[in-house]
Amino acid sequence: MNEQDRIRADTLEHLRQAIRDGLDSGPATPWSSDEAQQEGRQRRAERRQRDRQVLRLEDFTEEDLKAILAVEPSPAAAGFDDETP
């Protein structure tokens, strides 16, 4: 069996398994593109909100602040720091 035949056989087996998984997942249910879009927009909004969480100084413990202040940037990272001379 050459490489192309092996790839084709693997692809067909993958597709067969996907079909079996679909058949085993139960009966079909109605689907709404508007509902799917709304769910996607909601997930994206939640992800953006989570990613944009702003921490305030009050959110850190004394131990956190000491650990932050104790860290020295690597020489490579220091080149991105515009606040140091």
Side-chain angles (χ1 to χ4, degrees):
M1 177 182 280
N2 68 27
E3 183 68 15
Q4 284 185 328
D5 290 338
R6 189 190 61 74
I7 292 171
R8 186 174 291 117
D10 288 347
T11 302
L12 285 174
E13 182 52 37
H14 179 31
L15 290 172
R16 286 184 185 112
Q17 184 60 48
I19 291 169
R20 281 191 295 270
D21 291 347
L23 292 173
D24 293 343
S25 69
T29 57
W31 181 80
S32 163
S33 63
D34 291 334
E35 186 177 314
Q37 280 183 332
Q38 185 60 32
E39 289 174 7
R41 288 182 180 128
Q42 179 66 31
R43 282 195 309 269
R44 183 176 58 201
E46 290 169 359
R47 187 174 56 246
R48 284 183 176 171
Q49 181 65 31
R50 183 188 66 235
D51 292 346
R52 292 182 181 176
Q53 180 182 8
V54 176
L55 296 175
R56 298 170 305 171
L57 191 57
E58 297 83 33
D59 295 327
F60 294 97
T61 65
E62 285 296 321
E63 188 176 302
D64 293 334
L65 294 173
K66 288 177 184 176
I68 291 169
L69 292 173
V71 173
E72 292 291 328
S74 69
F80 294 101
D81 188 356
D82 295 335
E83 297 178 3
T84 56

To the nearest 0.5 Å, atom CD of Glu39 lies from atom CG of Asp34 at 11.5 Å
Any chance you could measure Ile68, atom CD1, to Leu65, atom CG, to the nearest 0.5 Å? 5.5 Å
State which residues pass salt bridge (charged side-chain N to carboxylate O under 4.0 Å, His left out) with [X]; sequence neighbours excluded, sorted by chain then number.
X: Glu35; result: none
X: Asp59; result: Arg56
X: Arg6; result: Glu3, Asp10
X: Asp5; result: Arg8

Is the number of heavy atoms from other residues, nucleotides or ligands under 6.0 Å of Gln4 CD greater than 12? no
Would you say Glu46 has more than 12 foreign heavy atoms packed within less than 6.0 Å of its CD? yes
Which ILVMFWY residues are connected to Leu12, directly or by a chain of links, through side-chain heavy atoms under 4.5 Å apart? none
Where at least one partner belongs to residues 20-32, residue pairs that pass side-chain hydrogen bond (donor to acceptor under 3.5 Å, both in side chains), sequence neighbours excluded: Glu13-Arg20, Gln17-Arg20, Gln17-Asp21
Atom of Val71, atom of Ala67 and distance for their closest heavy-atom approach: CG2-O, 3.2 Å
